[in-house]
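Have a look at the structure below before the remarks.
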Amino acid sequence: MAEEKYAILSENSDMVLGEAILMERHGSNMTMKIMDDVRFLDGLELIKFHKMQSYAEIYQGRITEIKGNLLFLSEVVNISARMRNEIKIKIRIETKLIKSFPEEEGKIPISIPITTNDISCGGIGFVSKTDLDKEGSYEAVIHVTSDPIVVGLDIVRKEFQPESNQYVYGSKFSDLNIVEERMLREAIFKLQMRRHHRRIMEEKSR
């Protein structure tokens, strides 16, 4: 049987803290073998972890014991449904918004440059010099996936930063389909893993 590998996530789910292999599972109890220095678990009571072989499966469990590199968990539950907006990555990408207008206005869509702060399966945080109308109709070009995707979004938060003369926005996707969400989750997860491996290599080279 193939090994089931998991990535253990930070509290706010934007970073991979470590990797583990499933040893045993009985109902809501799991035993995992930690592949990194177990000290990253110090002070944690609950952990979230992501199944590497399936980008749809995210779990939460309570730490009951750590013995050597073995992690014992209880109360393990699948939390995938409520994690849509929480799995995210902080990343700066220069991209654009496309603002469209009602047909009756006869206006040509315009392209607005933006820089992302973070991307999740629920939306993006970004900055722009442009004062955007929160009621406007927008599409975002997302470049982190294997093929770029264009998805509709609604602006839900807006704040002006006078020191940098720019606006900070929070947005949510309005028409992300299941295939696009899976592509985004996979891309975010792979970026998290890449950063985790880079951190490990940097620590070993010190």
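Quick caveat: nothing in here was measured; it's all calculated off a predicted structure. Just so you know, these numbers use all the heavy atoms, side chains as well, and skip hydrogens, waters and symmetry mates.
For the ring-ring contact (aromatic ring centres under 6.0 Å, His included) test, residues two or more places apart in sequence or in another chain that qualify with F49 are Y6, Y59. For the salt bridge (Lys or Arg N to Asp or Glu O under 4.0 Å) test, no residue two or more places apart in sequence or in another chain qualifies with R92. With sequence neighbours excluded, no residue satisfies ring-ring contact (aromatic ring centres under 6.0 Å, His included) with Y138. With sequence neighbours excluded, the residues that form a salt bridge (Lys or Arg N to Asp or Glu O under 4.0 Å) with E105 are K107.
I47 CD1 to L73 CG: the interatomic distance, rounded to the nearest 0.5 Å, is 4.5 Å. To the nearest 0.5 Å, atom CZ of residue F189 and atom CD1 of residue I58 are 9.5 Å apart. Between atom CD of residue E11 and atom CG of residue L46 there is a gap of 9.5 Å, rounded to the nearest 0.5 Å. N117 contributes atom CG, which lies 9.5 Å from atom CZ of F126 (distance to the nearest 0.5 angstrom). Interatomic distance, CD of Q166 versus CD1 of I114, reported as 12.0 Å (0.5 Å rounding). Annotation: the span from I142 atom CD1 to L176 atom CG amounts to 9.0 Å, rounded to 0.5 Å.
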Show your working on side-chain contact (heavy atoms from CB on, under 4.5 Å) between R194 and L191 and close with a plain yes or no.
CA-CA 5 Å; R194 198 176 303 155; L191 284 166; 3.6 Å; yes
Where do L17 and L9 land on the side-chain contact (heavy atoms from CB on, under 4.5 Å) test, with the steps shown first?
CA-CA 6 Å; L17 298 177; L9 304 174; over 6 Å; no
Starting from the C-alpha separation in whole Å, work towards a yes-or-no answer on side-chain contact (heavy atoms from CB on, under 4.5 Å) for I8 and D36.
CA-CA 11 Å; I8 299 173; D36 300 286; over 6 Å; no
Worked check of side-chain contact (heavy atoms from CB on, under 4.5 Å) between I124 and F173
CA-CA 8 Å; I124 59 174; F173 297 130; 3.8 Å; yes
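In the hydrophobic clustering of this structure, M52 does not group with M30; members are Ile, Leu, Val, Met, Phe, Trp, Tyr whose side-chain heavy atoms approach within less than 4.5 Å, directly or through other members. By the rule that hydrophobic residues join a cluster once side-chain heavy atoms approach within less than 4.5 Å of another member, I91 and I149 end up as members of one cluster. Each of I34 and M193 belongs to its own hydrophobic cluster when Ile, Leu, Val, Met, Phe, Trp and Tyr are linked at side-chain heavy-atom distances under 4.5 angstrom. Both I79 and I188 are members of a single hydrophobic cluster when ILVMFWY side chains are connected at heavy-atom separations under 4.5 Å. Cluster membership check: I112 does not share its hydrophobic cluster with V156, using side-chain heavy-atom separations under 4.5 Å among Ile, Leu, Val, Met, Phe, Trp and Tyr.
The main-chain N or O of P109 is never found under 3.5 Å from a side-chain atom of S100 such that the two would form a donor-acceptor pair. Under a 3.5 Å cut-off, the side chain of S120 and the backbone N or O of G122 do form a donor-acceptor pair. Judged by distance alone, with hydrogens and angles left aside, the side-chain atoms of Q192 form a donor-acceptor pair with the main-chain N or O of K88 at under 3.5 Å. Remark: side-chain polar atoms of R199 are paired, donor with acceptor, to backbone N or O of V16 under 3.5 angstrom. Remark: the backbone N or O of S174 is not paired with any side-chain donor or acceptor of D154 at under 3.5 angstrom.
Through direct or relayed side-chain contacts under 4.5 Å between Ile, Leu, Val, Met, Phe, Trp and Tyr, M23 connects to L70, F72. Cluster partners of M35, using a side-chain heavy-atom cutoff of under 4.5 Å among ILVMFWY residues and allowing indirect links, are I21. Clustering of Ile, Leu, Val, Met, Phe, Trp and Tyr side chains at separations under 4.5 Å places V150 together with I98, V141. Think of I178 as one node in a network of Ile, Leu, Val, Met, Phe, Trp and Tyr side chains linked at under 4.5 Å; it has no links at all.
By the 6.0 Å contact criterion, NZ on K172 is open, its count of non-hydrogen atoms from other residues, nucleotides or ligands being 12 or less.
For residues 65-80, every residue pair satisfying the salt bridge (charged side-chain N to carboxylate O under 4.0 Å, His left out) rule, not counting sequence neighbours, is listed here: R62-E75, E65-K67. A ring pair (Phe, Tyr, Trp, His ring centres under 6.0 Å) check over residues 139-163, counting only residues at least two apart or in different chains, returns the pairs F160-Y167. A side chain to side chain donor-acceptor pair (under 3.5 Å) check over residues 18-34, counting only residues at least two apart or in different chains, returns the pairs E19-H197. Residue pairs meeting the salt bridge (charged side-chain N to carboxylate O under 4.0 Å, His left out) criterion with at least one member in residues 116-138, sequence neighbours excluded, are D131-K158.
Counting all heavy atoms, side chain and backbone alike, H196 lies closest to G18 at CE1-CA, 3.7 Å. For the residue pair L153 and A140, the shortest heavy atom distance occurs at CD2-CB, 3.3 Å.
Looking at heavy atoms from C-beta onward, L71 lies out of side-chain contact with V38 at the 4.5 angstrom threshold. Looking at E94 and P113, their side chains never come closer than 4.5 Å, going by heavy atoms from C-beta outward. Annotation: side chain of I93 is in contact with side chain of I119 (closest heavy-atom distance under 4.5 Å).
The existence of a salt bridge linking K190 and E186 is confirmed by a sub-4.0 Å separation between a basic side-chain nitrogen and an acidic carboxylate oxygen.
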